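Letters go in sequence order (proteins before strands), and every chain restarts at 1. These figures come from a predicted structure and were not determined experimentally.
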Amino acid sequence: MTVSEEEDNKCDRVMARRFVIRQEAPVERHHLSIDYAKELNEQQYAAATAQGGPQLVVAGAGTGKTRTLVYRVAYLVETGAPPEQIVLLTFTRRAAAEMLSRASALLDGRCRRVRGGTFHSFCLGILRQHAGRLDYPNNFTILDASDSADVIDVIRSGLNLRLDRKRFPRKRTIQSIFSSVRNRDMSMEDFVEARYPQFLEFVEVFEQLGAGYERYKQDHGLMDYDDLLIKTLRLFSEHDDVRRSVATECRHVLVDEYQDTNRTQALLVERFSSVHGNVMVVGDDAQSIYRFRGADIRNILSFPEMFPGTQVLKLEHNYRSTQRILDLANLLISRARNKFDKRLFTERGLGETPVLVHATDSRFESRFVSQMILTLREEGVPLSEMAVLFRNGFNSYDLEVELNHRGIPFVKYGGLKLSEAAHIKDLLAYLKVVENPMDGVAWNRILQLLEGIGPKTAHQLISWIESASDRAFEIDESRFSPRYIEELKRMFAMLRYIRSADVPITEQVEVAVAYYEPVLRRVYYEDYPKRIQDLEHFVGLAEGFSDRAQLLSSMALDPIELTALDTETEVDDEPPLVLSTIHSAKGLEYRNVFLIRALDGVLPSSYSIGDADALDEELRLLYVAVTRAADQLFISYPSVQYRRSDGQYFTSPSRFLVDISEELLEPGSIVEESPDQTSDDRDETARAFRGLPSPSDSSS
DNA sequence: ACAAGCAGTTTTTTT
DNA sequence: AACTGCTTGT
């Protein structure tokens, strides 16, 4: 590690460093097993076979971005890059896995060893190796957003704030403020002033809380999502030898969805590629939809400045959608305040005009969607080639009931995650304290599940556990109240067993579940059967992991959708219909797309009204939804909705959709045939909906 | 002093 | 469904 030192001082401005890379000798085409020029269009070919150096690929929706990246990986491997030195950073684990399996299929598995994943998981791997350099134990545990909020809550109660009846923000809000500030290079004060002016008086308290939060994590071996990125960056700047050795192993860095990276991620990309200088980022400024989480559109716009010598490539030929869908998409995006001078074109033909369907209420909307889906399936469209999209996870509850009722199998992406359900969090907490006995949040959770232990006692017990870390999991009977001592002993016995060597991970989970089940029955006496089912699924899931640490980090970084489990167990041969938030549908395509709840206040979200930038992002979100559709797009909205406070109320359709000409977006209404007109009148499904009205029946 | 239970409020989007 | 604040019970 001393070798590096004399060079270090010369180049402390890492950002400006430029490396000249000798280009690899051009490879003649007949040596390659894939005919890239034939498989790709001219623009895609240029991107896939580009030589080293920084490359920015601006790719509109449906222009074969994924395909290009897949061929890029194959090309790099074929032309001699060691697969394990190619790093493919994507937005979700799912995306990485899909791309790598497609690339592997092209080259008989030779791409298997390509490293791929999210920024967070890639950084986790680096940190696990070098945590010691940051005074962290290498078995540090990861806090998800609600764990962080719990830590913040602990700090807050420790601070003994005198609030004189002023409303202090909820722990969740504070957590998101902290995260936003750290992801944005902004001062706490500026951010709070801009986003939460009502809390401006608390800025000092926030600063104090934030400092306490950082200290607590450091002292207890905990990292939150932001730490995974920020601490990696810090590791690199404080230990240049680490930066160099990591970057040496990153011969080619490929980044998907670059428009949704934040400042930290952009800096990480720069560090990763700081030895070889081969970095290709792919993105579409029109599809930037993660501003709320710190994504900075300037990353993609100023990429060429950050990486001098960047070659910019564009993909504009859309292969996904028919022209009428693109016409609508182009119109929508042209109304964004920041105009994007990109116009998608297709050779797929005109196709069907997108429809805007008005439903009287959400039940009608659900019935319309289910009925159309059944009709389309009868016409030969597989369920899995159709998707229902919506703004918020809970927008599909009505529809889910209807789909269950009709026996239509579905998976939902973007709803509640398995690891976010309270009972799974409880179970994971047992494993977490065993993995990291300093994890006070996890202790707090499981201690309060015992009868007779509330916040105060839990707090005392945790202080005792922390001070006795060497004798952790042993109990000295005399110190504890007889009210809960027996329960406590039972729990510690269970934890000691899980902790003992040579217990396979599945057995650890089984033991924890066996212990936890009676607790669950008591705490969730109202709805425990469903929760017990989830636990059983979870036991099965544990089999896929080699050890506890792996299971825990995977649960934090790659959460499993709660509903995905239900459908997995059904012995349905038919791949299910997809329900998804628009965010989770990013990068995917479907033949038929239903966008439901296209209401003002939902899409655009009521939170964005009054903020021009936020509204713009909602518009891009709509653009993303529209461009998922290949063949047909149905947008629908109910004109009456419920609200707990004032019952039913009238709604208005999304402001983005009201003034669009009927040429581009055809209005439709739902007609219910009276039951006696049909042969099978008792059957609900026999009532036909006419989703696509002929011009004559638009009388209502 | 602390735990537990009840009622009313509040929910974006995600690693 | 989860969180907060309030009341009651030990």
Side-chain angles (χ1 to χ4, degrees), chain A residues 89-96 117-124 142-146 148-150 153 165 167-173 176 179-180 183 223-230 257 260-262 264-265 288-295 389-395 397 413-417 419-423 425 447-460 481 483-484 522-527 530-531 553-559 561-562 580-586 597 601-609 614 617-618 620-622 624-625 643-645:
Chain A
L89 296 169
T90 57
F91 212 69
T92 61
R93 269 296 231 351
R94 204 154 43 112
T118 58
F119 276 90
H120 292 85
S121 68
F122 189 65
C123 287
L124 174 67
I142 300 169
L143 302 171
D144 68 18
S146 71
S148 317
D150 288 342
D153 209 39
R165 280 192 216 171
R167 234 187 298 146
F168 198 67
R170 333 173 108 218
K171 57 183 179 179
R172 221 32 217 267
T173 311
S176 86
S179 176
S180 301
N183 275 313
M223 290 210 197
D224 63 22
Y225 287 139
D226 302 324
D227 287 323
L228 294 176
L229 307 182
I230 292 169
E257 310 282 8
D260 284 321
T261 54
N262 62 30
T264 313
Q265 288 166 321
S288 165
I289 54 176
Y290 280 90
R291 199 184 71 111
F292 70 92
R293 175 179 127 172
L389 306 182
F390 32 86
R391 175 65 175 82
N392 306 310
F394 53 75
N395 293 149
Y397 288 167
Y413 295 109
L416 250 182
K417 302 289 186 292
S419 50
E420 280 164 2
H423 48 295
K425 296 210 79 163
L447 287 170
Q448 290 201 51
L449 287 171
L450 300 174
E451 265 187 307
I453 298 183
K456 214 75 190 190
T457 316
H459 187 76
Q460 286 163 15
S481 153
R483 219 169 64 241
Y484 49 77
R522 174 169 52 79
V523 179
Y524 302 100
Y525 55 91
E526 283 197 300
D527 63 343
K530 254 187 280 173
R531 296 179 190 259
S553 14
S554 172
M555 283 298 147
L557 293 183
D558 190 21
E561 313 282 339
L562 198 52
S580 176
T581 57
I582 301 173
H583 284 90
S584 293
K586 195 163 72 131
R597 293 299 153 91
V602 175
L603 179 62
S605 156
S606 50
Y607 290 81
S608 65
I609 288 167
E617 175 142 311
E618 299 286 316
R620 292 194 296 268
L621 200 51
L622 175 59
V624 169
R643 191 165 10 191
R644 242 186 290 282
S645 46

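- For the pair A/Arg597 and A/Phe390, the cation-pi test (distance below 6.0 Å, angle within 45°) is failed.
- Applying the 6.0 Å contact sphere to NE2 of A/His459 captures no more than 12 heavy atoms from other residues, nucleotides or ligands.
- Out of B/dT14, B/dT12, B/dC2, the shortest distance to the side chain of A/Tyr290 is found at B/dT14.
- No engagement by A/Ala556 is indicated, since no non-hydrogen atom pair under 4.0 Å with the nucleic acid exists.
- When rounded to the nearest whole Å, the span between CZ of A/Arg172 and P of C/dT4 equals 11 Å.
- You'll find that the side chain of A/Tyr225 is closest to B/dT15, out of B/dA3, C/dT4, B/dT15.
- Here the side chain of A/His583 is nearest to one of B/dT13, B/dA3, B/dT12, namely B/dT13.
- Position along DNA chain B of the nearest nucleotide to A/Gln460 versus A/Arg170 favours A/Gln460 as the more 5'-ward residue.
- The cationic group of A/Arg94 lies under 6.0 Å from the six-membered ring centre of A/Tyr413 and within 45° of the ring axis, placing it in a cation-pi geometry.
- The listed nucleotides are B/dT13, B/dA4, C/dA2; the one nearest the side chain of A/Thr581 is B/dT13.
- Which of B/dT15, B/dT12, B/dA3 sits closest to the side chain of A/Thr118 comes down to B/dT15.
- Comparing B/dA3, B/dA4, B/dT15 against the side chain of A/Glu451 picks out B/dA4 as the nearest.
- Looking at heavy-atom distances under 4.0 Å, A/Glu617 makes no contact with the nucleic acid at all.
- Regarding A/Lys425, its NZ atom lies at a distance of 14 Å from the C1' atom of C/dC3, rounded to whole Å.
- Looking only at side-chain heavy atoms (C-beta outward), A/Val602 and A/Asn395 come within less than 4.5 Å of each other.
- Summarising the geometry, the separation between CG on A/Asp226 and C1' on B/dT14 is reported as 11 Å, rounded to the nearest angstrom.
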Got a list of protein N/O to nucleotides 7-10 of chain C N/O distances below 3.5 Å?
none

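- The distance from atom NZ of A/Lys456 to atom P of B/dC2 is 5 Å, rounded to the nearest whole Å.
- Comparing A/Gly452 and A/Ser605 against DNA chain B, the residue whose closest nucleotide sits nearer the 5' end is A/Gly452.
- At a threshold of 4.0 Å, the pair A/Arg391-A/Glu618 counts as salt-bridged, since one of the basic side-chain nitrogens sits closer than that to a carboxylate oxygen.
- As a whole-Å value, the separation of A/Asp558 CG from B/dT15 C1' is 10 Å.
- Nucleic acid contact class of A/Ser584 (heavy atoms, under 4.0 Å, all strands): sugar-phosphate only.
- Here the side chain of A/Thr457 is nearest to one of B/dT13, B/dC2, B/dT15, namely B/dC2.
- Taking atom NZ of A/Lys171 as the reference point, atom P of B/dT9 lies 20 Å away to the nearest angstrom.
- With respect to the salt-bridge test (charged N to carboxylate O, under 4.0 angstrom), the residues A/Lys425 and A/Asp144 qualify.
- You cannot call A/Phe91 stacked on the base of B/dT15; the centres under 5.5 Å and planes under 30° rule is not satisfied.
- Distances were taken from every side-chain heavy atom of A/Asn392 (C-beta onward) to each of B/dA3, B/dT15, B/dT12; the shortest belongs to B/dT12.
- By the 4.5 Å heavy-atom criterion applied to side chains, A/Phe91 and A/Thr118 are not counted as neighbours.
- Of the N and O atoms on the side chains of A/Ser148 and A/Asp224, not one donor lies less than 3.5 Å from an acceptor on the other residue.
- Here B/dT15 is the nucleotide among B/dT15, B/dT14, B/dC2 with the atom lying nearest to any side-chain atom of A/Ala145.
- Among the atoms of the strands shown, only primed sugar atoms or phosphate atoms (P, OP1, OP2) are found under 4.0 Å from some heavy atom of A/Ile453.
- Residues passing the ring pair (Phe, Tyr, Trp, His ring centres under 6.0 Å) test with A/Phe292 are A/Tyr290, A/His583, sequence neighbours excluded.
- Using a 4.0 Å heavy-atom criterion, one finds that A/Thr92 contacts the sugar-phosphate atoms exclusively.
- Going from atom NE2 of A/His459 over to atom P of B/dC2 covers 11 Å, rounded to whole Å.
- The distance from atom CG of A/Asp224 to atom C1' of B/dT14 is 14 Å, rounded to the nearest whole Å.
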